[in-house]
Amino acid sequence: MTALLPKRIALVLGGGGLKGFAHIGVLRALEERGVVPTLLAGTSIGALIAAAAAGGTDISTMEERALAVRRRDVFRLNRLGMVRDRQRAVSIYLEAPLRELCEAVAPAASFDQLDMPVLVNTVDLEQAAQVVWGLPGLRNVHVPDAVYASCALPGFFPPGIVADRVCADGGIIDNLPVTIAAQGMDAVIAVDVGSAEIIRREDILTHGFGSIYMRAASSMMHALQLVPLMHWAGPPMLLIRPKVSHIGWFSFSHTSELIAAGYDAASEALDFYDSAFEQESGVYPRRDMRIEVDKARCIGCGLCAALAPDLMGMGTDGKAFSRERVVSWSPADGDFVHHCPTFAIAAERVGAEPATALEGTQANETVISD
């Protein structure tokens with residue numbers, strides 16, 4: 001007897017600055033496949049696009065707006081505040097442009113007035129706690145207010161006031177809020193654009209404060225995000241990770257590429273839709289991966305064995321070795337490979353062409369000035 005496919009699907013859109021334009025391509029791929037989410041959830045730009053979709057904005061309109069966005073529409077330096085208030089200035093950039101963008105895109109309604117449920121992830125800075133607007137008891141607030149707060153990256157934009165709470169970017173705690181969105185759902189489709197893959201950058205000191213801050217924030221979000229994914233016990237999850245790591249968080253010149261990357265990644269992942277959602281749990285799609293250790297490069301630090309003891313061990317020669325040559329991985333697995341300090345571990349998909357290395361690809365993550 002064939003298992004019934006899910007009826008209640010949560011679509012979770014992660015934060016990632018302008019990389020989040022990839023979500024538009026994901027939405028188009030879902031629409032073409034006839035996949036209609038029951039609930040939308042998001043952080044930062046993921047919250048903005050989720051709110052727009054819940055409010056009925058069609059995908060073509062989203063794409064047109066994304067292609068039309070310019071730096072001045074988001075980033076305007078808080079010159080007066082930085083001169084007058086110095087270290088007490090609340091942000092580098094002014095609130096007004098981002099606030100106006102959120103009000104133009106998100107539906108002018110409260111959460112309880114929307115036809116489709118949407119969850120907007122924020123952090124209450126005074127309480128130092130996650131607050132997800134749209135949950136029961138947190139619905140009688142203006143959607144654009146919550147969306148602005150979710151997009152307000154600390155230091156870059158002033159926090160937002162939502163129902164008398166001082167709130168900021170939910171990515172501080174949870175950049176991909178799958179755990180809360182999965183409650184009561186039969187399946188989850190999650191889209192990670194902000195911290196899926198941390199590529200090596202050798203120019204980190206050449207772009208100033210903004211580059212260093214965003215690099216640190218990306219590393220933190222990546223580590224926090226892995227915890228629920230590696231220990232996932234909720235309904236089956238289709239994890240979509242568009243190839244956008246080489247594009248900066250604040251790049252305005254790659255919008256079409258980002259949308260296309262989201263569409264391509266979603267189309268590939270959706271080929272596993274039926275088989276994944278017939279399962280009771282787990283993260284999908286799963287693929288066979290071959291793990292190799294370059295003994296000449298291995299310095300025997302043991303970090304891989306500490307991070308992935310089921311897969312990696314240390315031999316009598318003091319070098320790392322793979323306990324299994326071929327393993328079945330989801331997109332959430334294999335992070336220990338990235339942490340090898342000498343790049344001695346390689347993981348390649350079985351039967352696939354050798355991947356093009358992203359080593360050395362430059363991603364401009366500088367502070368945007370006007």
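No hydrogens, no waters, no symmetry mates; every other heavy atom, side chains included, goes into these values.
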Review point. Judged by atom type as modelled, is there a donor-acceptor pair below 3.5 Å linking the side chain of Ser44 to the main-chain atoms of Gly46?
Key: no

Practice item. Without swapping roles, check the side chain of Asn175 against the backbone of Gly15 for a donor-acceptor pair under 3.5 Å. Key: yes

Review point. Once you round to the nearest 0.5 Å, how far does CG of Leu307 lie from NE2 of His338?
Key: 10.5 Å

Check your understanding: Does one hydrophobic cluster hold both Val193 and Val283, with members joined at side-chain heavy-atom distances below 4.5 Å?
Key -> no

Review point. Are the side chain of Arg297 and the backbone of Phe343 linked by a donor-acceptor contact shorter than 3.5 Å?
Key: yes

Exercise for review: Grab the two heavy atoms, one from Pro158 and one from Ala152, that are nearest each other, plus how far apart they are.
Suggested key: O-CB, 3.4 Å

Exercise for review: Please step through side-chain contact (heavy atoms from CB on, under 4.5 Å) for the pair Leu30 and Leu270, ending with a clear verdict.
Suggested key: CA-CA 8 Å; Leu30 293 175; Leu270 286 168; 3.8 Å; yes

Revision key, fill the gap. Rounded to the nearest 0.5 Å, the CD1 atom of Ile9 sits from the CE atom of Met185 at a distance of 9.5 Å

Point to revise | Min side-chain heavy-atom separation Arg323-Met312 under 4.5 Å | key: no

**Study point:** Asn121 side chain to Asp174 backbone, donor-acceptor under 3.5 Å
**Key:** yes

Review point. Should Ile24 and Val118 be regarded as members of a common hydrophobic cluster, given that ILVMFWY residues are connected when their side-chain heavy atoms come within less than 4.5 Å of each other, either directly or indirectly?
Key: yes

Check your understanding: Shortest non-hydrogen contact from Phe157 to Cys151?
Key -> CD1-O, 4.3 Å

Practice item. Taking only Lys NZ, Arg NE, NH1 and NH2, and the carboxylate oxygens of Asp or Glu, determine whether Asp294 and Lys319 approach each other closer than 4.0 Å. Key: no

Review point. What is the distance from atom CG of Asn140 to atom OG of Ser110, rounded to the nearest 0.5 Å?
Key: 5.5 Å

Exercise for review: Answer yes if Val147 and Ile173 sit in the same cluster of Ile, Leu, Val, Met, Phe, Trp and Tyr residues linked by side chain heavy atoms under 4.5 Å apart, and no otherwise.
Suggested key: no

Could you tabulate the donor-acceptor pairs under 3.5 Å formed by side-chain atoms of residues 160-167, not counting sequence neighbours?
| residue | atom | partner | partner atom | Å |
| --- | --- | --- | --- | --- |
| Arg165 | NH1 | Asp124 | OD2 | 2.9 |
| Arg165 | NH1 | Gln127 | OE1 | 3.1 |

**Study point:** CG (Asp115) with more than 12 external heavy atoms under 6.0 Å
**Key:** no

Review point. Is the closest side-chain donor-acceptor distance between Asp58 and Thr61 under 3.5 Å?
Key: yes

Point to revise | Close side-chain approach of Leu27 and Leu11, heavy atoms under 4.5 Å | key: yes

Review point. Ion pair present between Arg72 and Glu100, side-chain N to carboxylate O less than 4.0 angstrom?
Key: no

**Study point:** Flag side-chain contact, heavy atom, 4.5 Å: His254 against Ser251
**Key:** yes

Review point. Can Gln113 and His142 be counted as having a side-chain donor-acceptor contact under 3.5 angstrom?
Key: no

Practice item. Could you tell me if the ring centre of Phe272 sits under 6.0 Å from that of Tyr284? Key: no

Study note, to complete from the structure: So CZ of Arg71 and OG of Ser253: to nearest 0.5 Å the spacing works out to 7.5 Å

Revision key, fill the gap. Residues passing the salt bridge (charged side-chain N to carboxylate O under 4.0 Å, His left out) test with Glu63, sequence neighbours excluded, are Arg28

Exercise for review: Check whether more than 12 heavy atoms from other residues, nucleotides or ligands sit under 6.0 Å from atom CE of Met116, and answer yes or no.
Suggested key: yes

Review point. Under 3.5 Å, is there a donor-acceptor pair between the side chain of Ser150 and the main chain of Thr122?
Key: no

Check your understanding: What about Val191 and Ile59, same hydrophobic cluster or not, with Ile/Leu/Val/Met/Phe/Trp/Tyr joined at side-chain heavy-atom distances under 4.5 Å?
Key -> yes

Practice item. Assess whether side-chain contact (heavy atoms from CB on, under 4.5 Å) is satisfied between Leu125 and Ile172, documenting all intermediate values. Key: CA-CA 10 Å; Leu125 293 178; Ile172 299 169; 4.2 Å; yes

Check your understanding: For Ala109 and Pro144, which heavy atoms make the closest approach, and how far apart are they?
Key -> O-CD, 4.1 Å

Review point. Looking at side-chain heavy atoms only, is the closest gap between Leu135 and Ile180 below 4.5 Å?
Key: yes

Review point. Are Arg286 and Asp333 close enough for a salt bridge, meaning some N to O gap below 4.0 Å?
Key: yes

Exercise for review: Going by the side-chain contact (heavy atoms from CB on, under 4.5 Å) test, name the single residue among Leu258, Ile240, Ile49 that passes it with His23.
Suggested key: Ile49

Point to revise | Atom pair CD1/CG of Ile291 and Leu311 - distance to nearest 0.5 Å | key: 5.0 Å

Review point. Taking it one step at a time, do Asp264 and Lys243 satisfy salt bridge (charged side-chain N to carboxylate O under 4.0 Å, His left out)?
Key: CA-CA 9 Å; Asp264 291 343; Lys243 301 294 185 182; over 6 Å; no

Check your understanding: If we only count heavy atoms from C-beta on, is the Phe277 to Ile189 side-chain gap below 4.5 Å?
Key -> yes

Review point. Checking side-chain contact (heavy atoms from CB on, under 4.5 Å) for the pair Ser256/Leu67: CA distance, chi angles, key distance, verdict?
Key: CA-CA 7 Å; Ser256 293; Leu67 290 167; 3.3 Å; yes

Study note, to complete from the structure: Between Pro107 and Ala52 the two heavy atoms that sit nearest each other are CD-N, 4.3 Å

Review point. Considering only heavy atoms from C-beta outward, does the side chain of Val178 approach that of Trp232 to under 4.5 Å?
Key: yes

**Study point:** Residues Arg33, Ser267; criterion side-chain contact (heavy atoms from CB on, under 4.5 Å); working and verdict
**Key:** CA-CA 9 Å; Arg33 300 287 185 111; Ser267 297; 4.3 Å; yes

Exercise for review: Quick one: sort the Tyr93 and Phe156 rings into parallel, tilted or perpendicular, breaks at 30° and 60°.
Suggested key: tilted

Check your understanding: Is there a donor-acceptor contact under 3.5 Å from the side chain of Arg139 to the main chain of Phe111?
Key -> no

Exercise for review: Nearest 0.5 Å please: distance from the CD atom of Glu292 over to the OG atom of Ser322.
Suggested key: 8.0 Å

Study note, to complete from the structure: Paired with Leu229, the side-chain contact (heavy atoms from CB on, under 4.5 Å) test is passed by just one of Asp192, Leu239, Thr179, namely Leu239

Check your understanding: Side chains of Glu103 and Tyr148: donor-acceptor distance under 3.5 Å anywhere?
Key -> no

Check your understanding: If you look at every heavy atom in Thr43 and Leu176, which pair is closest and at what distance?
Key -> OG1-N, 4.5 Å

Check your understanding: Ala54 and Leu114: which non-hydrogen atoms are nearest, and at how many Å?
Key -> CB-CD1, 4.4 Å

Exercise for review: Could you check if a side-chain atom of Pro236 sits within less than 4.5 angstrom of a side-chain atom of Val188, using non-hydrogen atoms only?
Suggested key: no

Practice item. Could you tell me whether the side chain of Lys19 and the main chain of Ile247 form a donor-acceptor pair under 3.5 Å? Key: yes

**Study point:** Within the 6.0 Å centroid threshold, strictly below: Phe252 and Phe21
**Key:** no

Point to revise | In one Ile/Leu/Val/Met/Phe/Trp/Tyr side-chain cluster, 4.5 Å: Leu40, Met62 | key: yes

Point to revise | Stepwise salt bridge (charged side-chain N to carboxylate O under 4.0 Å, His left out) check, Lys7 with Asp186 | key: CA-CA 7 Å; Lys7 296 181 179 179; Asp186 299 315; over 6 Å; no

Point to revise | Beyond-backbone contact of Val326 with Met289, side-chain heavy atoms, under 4.5 angstrom | key: no

